[in-house]
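Naming convention: chains lettered A, B, ... in sequence-line order (proteins, then strands); numbering from 1 in each chain. In what follows, every heavy atom counts, from backbone to side chain, and hydrogens, waters and symmetry copies are set aside. Only a predicted model underlies this, so the values are computations on that prediction, with no experimental measurement involved.
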Protein chains: 2
Amino acid sequence: MEESCSTVETALEILVGKWKPVILYHLFTSGTMRFSELQRALPNITKKMLTSQLRELEYHDIVHRKIYMQIPPKVEYSITEYGLKMGPLLQAMNDWGTSHMQHLNELYGDDRKVQALEAIQD
Amino acid sequence: MEESCSTVETALEILVGKWKPVILYHLFTSGTMRFSELQRALPNITKKMLTSQLRELEYHDIVHRKIYMQIPPKVEYSITEYGLKMGPLLQAMNDWGTSHMQHLNELYGDDRKVQALEAIQD
DNA sequence: AAACCTAGTATCCAAAAAGATACCTTAAGC
DNA sequence: GCTTAAGGTATCTTTTTGGATACTAGGTTT
């Protein structure tokens with residue numbers, strides 16, 4: 001009974017961290033990406049953050065890490081077969097998020113958008 | 001395009017905070033609850049936390065706050081009509097979370113369960 | 001008149017998450 | 001023999017989150 005919230009928390013656990021949704025987004029849409037490609041795709045992330053987030057996703061078997069033994073190093077990241085199964089959930093969250101932003105706009109006006117745009121100008 | 005992750009983040013935003021999933025769980029299953037009932041249901045939460053989490057949910061129009069002007073004060077919390085619409089999403093997250101815990105157990109054994117049980121003994 | 005009730009605020013402090021910066025490896029290119 | 005390359009790690013500082021504690025209001029009970 002009480003479990004119905006702890007399992008929601010399990011789902012959240014793997015999405016939590018400022019960068020995981022973006023990382024997943026890129027891997028889902030681009031397929032396979034090198035570490036440096038991800039870094040370029042997420043201009044403001046530090047290596048430390050990117051590494052730790054990828055390791056957590058790897059632990060959860062969402063992301064696969066393929067190391068090429070060569071120098072300079074080459075490492076490729078991709079969504080695992082198991083990870084692909086969470087696509088629908090991400091889609092559902094995305095859909096809900098989209099309509100919720102709409103709802104907030106109806107409630108409070110479009111000021112939030114303005115704020116978001118301002119935040120981008122840095 | 002890049003929005004597909006920021007809207008996932010929007011969905012996360014309202015779930016983030018150690019207590020929001022449990023609060024929602026109780027309000028979804030119990031219907032209407034007073035502040036003090038919620039406090040009893042969540043034995044380890046502080047008033048400050050409970051208040052702030054409820055205010056955030058109220059801001060997002062997920063939770064309704066009904067004040068009775070009487071002394072001692074009485075305030076009832078419930079899920080809004082709009083909030084009910086996120087039931088399916090919560091259910092989807094719950095389902096995914098459940099099967100993911102199963103998956104983790106298959107990968108790493110049931111040690112996590114043991115740890116969780118140990119954590120309860122305090 | 002003191003104590004209790006509910007639903008909070010206010011203030012301060014600890015812990016966790018995130019960020020900045022510097023450093024490491026080893027082979028190839030100049 | 002110095003620099004560059006990629007994919008990191010180590011260390012330190014800042015920011016964000018969460019928690020502990022004390023306090024408030026004003027009518028009711030003892």
Side-chain angles (χ1 to χ4, degrees), chain A residues 5-6 8-10 12-24 26-27 30 32-60 63-78 115-116 119-120 122, chain B residues 5-6 8-10 12-24 26-27 30 32-60 63-78 115 119 122:
Chain A
C5 62
S6 75
V8 168
E9 281 160 3
T10 299
L12 285 174
E13 202 178 299
I14 100 130
L15 271 331
V16 167
K18 237 175 102 176
W19 302 99
K20 293 217 192 87
V22 217
I23 291 172
L24 289 175
H26 283 288
L27 289 179
S30 302
T32 288
M33 292 177 87
R34 296 184 60 166
F35 187 85
S36 50
E37 287 182 290
L38 281 165
Q39 252 192 123
R40 269 189 291 281
L42 283 58
N44 294 323
I45 201 172
T46 63
K47 290 169 168 214
K48 178 191 166 191
M49 261 296 118
L50 183 52
T51 304
S52 74
Q53 305 296 282
L54 285 169
R55 292 293 142 84
E56 286 176 38
L57 291 169
E58 193 189 356
Y59 169 83
H60 283 282
V63 157
H64 175 67
R65 178 162 176 261
K66 182 171 183 184
I67 311 134
Y68 294 83
M69 285 303 257
Q70 60 185 49
I71 282 180
K74 175 176 174 182
V75 179
E76 282 180 350
Y77 292 92
S78 56
Q115 286 172 19
I120 288 170
D122 60 55
Chain B
C5 63
S6 76
V8 168
E9 281 160 3
T10 299
L12 285 174
E13 202 178 299
I14 100 130
L15 272 329
V16 167
K18 236 174 104 176
W19 301 100
K20 293 216 191 89
V22 216
I23 291 171
L24 289 176
H26 283 287
L27 289 179
S30 301
T32 288
M33 295 177 84
R34 298 185 58 169
F35 186 85
S36 50
E37 288 183 287
L38 280 165
Q39 251 192 124
R40 269 189 292 281
L42 283 57
N44 295 322
I45 201 173
T46 62
K47 292 167 167 219
K48 178 192 165 189
M49 262 294 119
L50 184 51
T51 304
S52 73
Q53 305 297 284
L54 286 167
R55 292 294 142 84
E56 286 177 38
L57 292 169
E58 193 190 355
Y59 170 82
H60 283 282
V63 157
H64 176 67
R65 179 162 175 259
K66 182 171 184 183
I67 311 132
Y68 295 81
M69 286 301 259
Q70 60 186 49
I71 284 184
K74 176 176 174 182
V75 179
E76 281 181 350
Y77 292 92
S78 56
Q115 286 171 18
D122 61 53

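- Counting all heavy atoms, side chain and backbone alike, A/Pro21 lies closest to A/Leu15 at CD-O, 3.6 Å.
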What N/O pairs connect the protein and nucleotides 25-30 of chain D at under 3.5 Å? Give each pair on its own line.
none

Which donor-acceptor pairs under 3.5 Å do the side chains of residues 68-77 of chain B make with protein atoms, sequence neighbours left out?
residue: B/Tyr68; atom: OH; partner: B/Glu76; partner atom: OE1; Å: 3.0
residue: B/Tyr77; atom: OH; partner: B/Arg65; partner atom: NE; Å: 3.2

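- One finds the NE2 atom of B/His64 at 12.5 Å from the CG atom of B/Leu54 (value rounded to the nearest 0.5 Å).
- A 4.0 Å heavy-atom criterion places the boundary nucleotides of DNA chain C facing chain A at C/dA18 to C/dA27, written 5' to 3'.
- One can place NZ of A/Lys74 at 13 Å from C1' of D/dG7, the figure rounded to the nearest angstrom.
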Inset, instruction - List the steps and the verdict of side chain to side chain contact (heavy atoms under 4.5 Å, CB included) for B/Lys66 and B/Thr32. - result: CA-CA 10 Å; B/Lys66 182 171 184 183; B/Thr32 288; over 6 Å; no
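- Within residues 47-58 of chain B, the residues that have a heavy atom under 4.0 Å from DNA chain C are, in order of number, B/Lys47, B/Lys48, B/Thr51, B/Arg55.
- Counting non-hydrogen atoms under 4.0 angstrom, A/Tyr68 reaches nothing in the nucleic acid.
- Between A/Tyr77 and D/dA6, a side-chain N or O to OP1/OP2 separation shorter than 4.0 Å is absent.
- What separates CZ of A/Phe35 from P of D/dA6 is a distance of 12 Å, to the nearest Å.
- Contact check, A/Arg34 against D/dA5: no side-chain N or O comes under 4.0 Å of OP1 or OP2.
- The closest side-chain heavy-atom distance from B/Val22 to B/Ile45 is not below 4.5 Å.
- Per the geometry, CD belonging to A/Gln39 stands 10 Å off P belonging to D/dG8, to the nearest Å.
- Residues forming a side chain to side chain contact (heavy atoms under 4.5 Å, CB included) with A/Ser30 (at least two apart in sequence, or on another chain): A/Met33.
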Inset, instruction - Take B/Asn44 and B/Trp19, measure what side chain to side chain contact (heavy atoms under 4.5 Å, CB included) needs, and give me the verdict at the end. - result: CA-CA 10 Å; B/Asn44 295 322; B/Trp19 301 100; 4.1 Å; yes
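- Considering only residues two or more places apart in sequence or on other chains, B/Thr46 meets the side chain to side chain contact (heavy atoms under 4.5 Å, CB included) condition with B/Lys48, B/Met49.
- Note that NZ of A/Lys18 and CD1 of A/Ile23 are 12.0 Å apart. Values are rounded to the nearest 0.5 Å.
- The two atoms that bring A/Leu24 and A/Val63 nearest to each other are CD2-CG2, 4.4 Å, heavy atoms only.
- A salt bridge (charged side-chain N to carboxylate O under 4.0 Å, His left out) check over residues 35-45 of chain B, counting only residues at least two apart or in different chains, returns nothing.
- Atom CG in A/Asn44 sits roughly 16 Å away from atom C1' in D/dT15 (whole-Å rounding).
- Applying the salt bridge (charged side-chain N to carboxylate O under 4.0 Å, His left out) criterion to B/Glu56, with sequence neighbours excluded, gives B/Lys20.
- Annotation: the terminal axes of the helix from C/dA1-D/dT30 to C/dC30-D/dG1 meet at 30°, where each axis is the rotation carrying the C1' atoms of four end pairs onto the next four (5 pairs per end, rounded to 10°).
- In terms of heavy-atom proximity, B/Gln53 sits nearest to B/Val16 at OE1-O, 4.2 Å.
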